[in-house]
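Inspection log for the structure reproduced underneath, given as structure tokens.
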Amino acid sequence: MAGLGGLGAGTALVLASDRLLGLAYERLRPQIERQVGRVMGHPLRLGPYRGFGADGLVVGPSRFLAGDRDASTASVEEVRATIDPFTSWRLRTLVLDLSFRGAQVDLRRNGRGWWWELGNLPPGPEPPRLDLTFRLLEPGSVRLHGLGASRGPFRLEATGEARLRTHERAIDAGALVRLPGREGSLRFDGFGRWRDQRWRAQLSPRGLPVAAFQPLLPRGGPLGPRARGPLEGRAEGRFALDLVRGRPSCSGSLRVRGLRWRSRNGATPLTADSLPLQCRGQELAIPSVDWRYGPWKGVARGRVSSDRRLAARLEALPPPGHPLAAAPLVALLRGGWSADGLQVQSLDGRLGGSRLQLAGRLGSRLDLRGDWRFDPRDLPATARLPAWLQKPSLGGPIALSGTPADPELRLSTRESAPLPLLGGPWQADVRWRDGLLELERLTAPRFAASARLPLAWVGDRGLVTGPLAARLSLNRFPLERL
């Protein structure tokens with residue numbers, strides 16, 4: 001009986017202690033919500049008291065609401081809170097450990113580019129003294145909204161923890177991020193010291209599939225819908241991003257192995273065994289990458305800086321015996337990114353003595369203008385033409401407009417040197433659109449012509465032509481020119 005009485009007394013004591021803890025929690029909840037919410041920059045709504053166990057006080061569904069400066073939110077099914085009274089007394093700081101189950105985070109970037117803005121701490125050397133540790137007891141769901149061409153959120157799973165020390169104005173975080181249903185992972189380690197305005201994020205991918213990030217590409221772009229074709233490859237390496245007093249910088253390197261990309265309607269992939277990416281200071285660079293596209297191969301390199309300036313060089317080597325080129329094709333690009341796409345300062349393409357120079361804009365709309373110069377001797381196919389057609393070098397203005405999915409190309413030439421057939425100065429205007437090449441006019445003394453030729457790039461077949469339709473107009477044309 002004594003034993004039963006002791007058991008009953010113990011049970012009553014536990015129940016009484018549990019009720020006291022519940023009452024104490026209810027009294028402290030508004031203060032905790034206010035202080036933590038103020039630090040996090042988002043109103044905190046703690047759930048009901050659910051009891052006390054070996055791993056702390058248990059609280060039901062809780063959430064951070066949208067803040068004043070961003071619309072991101074977070075919710076959990078359960079919170080386990082532990083206060084370290086001895087460390088709190090020793091440091092004169094509330095040391096609080098918050099562990100979560102069933103976490104869901106919705107991140108929405110604001111106009112300043114931040115996903116989650118912490119609250120403004122009061123000025124002075126002594127903000128509220130809080131030492132908060134946030135820990136995920138199981139993988140949490142993270143959804144990033146408004147990225148690239150994806151209409152829905154970009155989904156991640158993360159495990160890790162973060163520690164926020166308000167009196168030191170410091171935050172440290174570490175997490176292991178995975179993509180649902182995919183192999184590979186990304187290790188994230190970061191810290192912030194907002195007293196000194198110093199922030200760092202270190203990212204370490206391990207076999208991370210690059211295809212998962214294809215939906216993050218912008219909706220528009222020079223490639224248009226073609227960029228949505230299959231993409232393969234895995235990233236690994238380590239790099240760090242720093243932001244010190246508003247000035248960004250980076251360090252480290254990444255490498256994408258087994259890169260393969262195919263346009264939406266193509267069968268031949270663009271491949272690279274290894275694509276290196278190096279980040280140093282305020283510049284991200286591809287030092288050199290060997291690529292292959294069917295029988296074509298070449299080398300590419302480029303760099304982009306934090307001020308969105310871009311420079312790139314592409315060299316393409318045609319296969320032996322190709323009718324359109326024998327020498328390497330070289331393209332040099334300089335420009336900068338903007339909200340409208342790529343602002344092209346100069347695009348210089350060269351093939352032997354032939355040259356193309358353009359400037360303008362590449363994006364959801366195309367607007368490139370410049371000049372071209374063509375030497376027929378640069379094309380092996382012209383070797384079969386009469387000698388008088390191989391000698392003259394042609395040139396004139398060129399313009400590219402429309403959209404990536406529906407481009408329009410116009411070029412013209414005005415030549416004062418007469419051709420034997422035309423017998424004097426001549427001029428021509430050419431237009432290509434919707435798979436149709438049109439010689440809108442070719443005029444010379446006593447001679448005029450126009451023509452239409454179906455001409456389109458069809459997947460792996462390359463350039464495909466159709467029947468030629470031409471019209472000639474002769475006015476007392478001297479037959480001796482023939």
Residue [X] excluded, over 12 heavy atoms near [atom1] under 6.0 Å:
{"X": "Arg410", "atom1": "CZ", "answer": "yes"}
{"X": "Glu183", "atom1": "CD", "answer": "no"}
{"X": "Asn110", "atom1": "CG", "answer": "yes"}
{"X": "Arg165", "atom1": "CZ", "answer": "yes"}
{"X": "Asp273", "atom1": "CG", "answer": "no"}
{"X": "Arg308", "atom1": "CZ", "answer": "no"}

Return yes if some donor-acceptor pair links the side-chain N/O of [X] with the main-chain N/O of [Y] below 3.5 Å, else return no.
{"X": "Arg69", "Y": "Leu118", "answer": "yes"}
{"X": "His145", "Y": "Pro153", "answer": "no"}
{"X": "Thr271", "Y": "Arg260", "answer": "no"}
{"X": "Thr465", "Y": "Leu455", "answer": "no"}
{"X": "Glu138", "Y": "Gly102", "answer": "yes"}
{"X": "Thr413", "Y": "Gly395", "answer": "yes"}
{"X": "Ser251", "Y": "Arg280", "answer": "no"}
{"X": "Trp116", "Y": "Gly67", "answer": "no"}

At what distance, to the nearest 0.5 angstrom, does [atom1] of [X] lie from [atom2] of [Y]?
{"X": "Glu283", "Y": "Ser249", "atom1": "CD", "atom2": "OG", "result": "13.0 Å"}
{"X": "Leu366", "Y": "Leu342", "atom1": "CG", "atom2": "CG", "result": "11.0 Å"}
{"X": "Ile398", "Y": "Leu356", "atom1": "CD1", "atom2": "CG", "result": "5.0 Å"}
{"X": "Thr166", "Y": "Ile171", "atom1": "OG1", "atom2": "CD1", "result": "11.0 Å"}
{"X": "Ser338", "Y": "Gln343", "atom1": "OG", "atom2": "CD", "result": "4.0 Å"}
{"X": "Gln202", "Y": "Phe191", "atom1": "CD", "atom2": "CZ", "result": "10.0 Å"}

Applying side-chain contact (heavy atoms from CB on, under 4.5 Å), run through Arg301 and Val289 and close with a yes or a no. CA-CA 6 Å; Arg301 58 177 57 91; Val289 57; over 6 Å; no
Minimum heavy-atom distance between [X] and [Y], given as atom pair plus value:
{"X": "Gly466", "Y": "Leu453", "result": "O-CD1, 3.2 Å"}
{"X": "Val299", "Y": "Trp291", "result": "N-NE1, 3.2 Å"}
{"X": "Leu472", "Y": "Ala449", "result": "CD2-CB, 3.4 Å"}
{"X": "Pro43", "Y": "Arg45", "result": "CB-NH1, 3.8 Å"}
{"X": "Ala428", "Y": "Leu439", "result": "CB-CD1, 4.2 Å"}
{"X": "Pro276", "Y": "Pro287", "result": "O-CD, 3.7 Å"}

Is a salt bridge present between [X] and [Y], judged by a nitrogen-to-oxygen distance below 4.0 Å?
{"X": "Asp70", "Y": "Arg112", "answer": "no"}
{"X": "Asp242", "Y": "Arg198", "answer": "no"}
{"X": "Asp106", "Y": "Arg143", "answer": "yes"}
{"X": "Glu161", "Y": "Arg163", "answer": "no"}
{"X": "Arg373", "Y": "Asp378", "answer": "no"}
{"X": "Glu438", "Y": "Arg431", "answer": "yes"}
{"X": "Arg187", "Y": "Asp189", "answer": "yes"}
{"X": "Glu168", "Y": "Arg195", "answer": "no"}
{"X": "Arg255", "Y": "Glu236", "answer": "no"}
{"X": "Arg178", "Y": "Glu157", "answer": "no"}

For the pair Phe134 and Phe64, name the ring-plane relationship: parallel under 30°, tilted 30 to 60°, perpendicular over 60°. perpendicular
Is the Trp114 ring parallel, tilted or perpendicular to the Trp199 ring (thresholds 30°, 60°)?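 Ring orientation, 0 to 90° scale: perpendicular.
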Walk me through it: do Tyr293 and Thr268 pass the test side-chain contact (heavy atoms from CB on, under 4.5 Å)? CA-CA 7 Å; Tyr293 182 75; Thr268 300; 4.2 Å; yes
With a 4.5 Å heavy-atom cut-off, do Asp371 and Arg355 have their side chains touching? no
Is any side-chain heavy atom of Phe239 closer than 4.5 Å to one of Ser204? no
Going through the checks in order, is the salt bridge (charged side-chain N to carboxylate O under 4.0 Å, His left out) test met by Arg361 and Asp367? CA-CA 5 Å; Arg361 179 166 61 90; Asp367 184 12; 5.5 Å; no
Worked verdict on Arg433 versus Asp406 for salt bridge (charged side-chain N to carboxylate O under 4.0 Å, His left out): CA-CA 7 Å; Arg433 186 178 181 181; Asp406 186 22; 3.1 Å; yes
Please assess Arg234 against Arg257 for the test side-chain contact (heavy atoms from CB on, under 4.5 Å), listing each intermediate value before the final yes or no. CA-CA 6 Å; Arg234 293 186 176 273; Arg257 300 190 182 278; 5.7 Å; no
Leu351 and Phe374: CA distance, side-chain angles, deciding distance, side-chain contact (heavy atoms from CB on, under 4.5 Å) verdict: CA-CA 9 Å; Leu351 171 64; Phe374 169 61; over 6 Å; no
Between the side chains of [X] and [Y], is a donor N or O closer than 3.5 angstrom to an acceptor N or O?
{"X": "Asp307", "Y": "Ser305", "answer": "yes"}
{"X": "Asp429", "Y": "Ser412", "answer": "yes"}
{"X": "Arg334", "Y": "Gln345", "answer": "no"}
{"X": "Gln104", "Y": "Arg63", "answer": "no"}

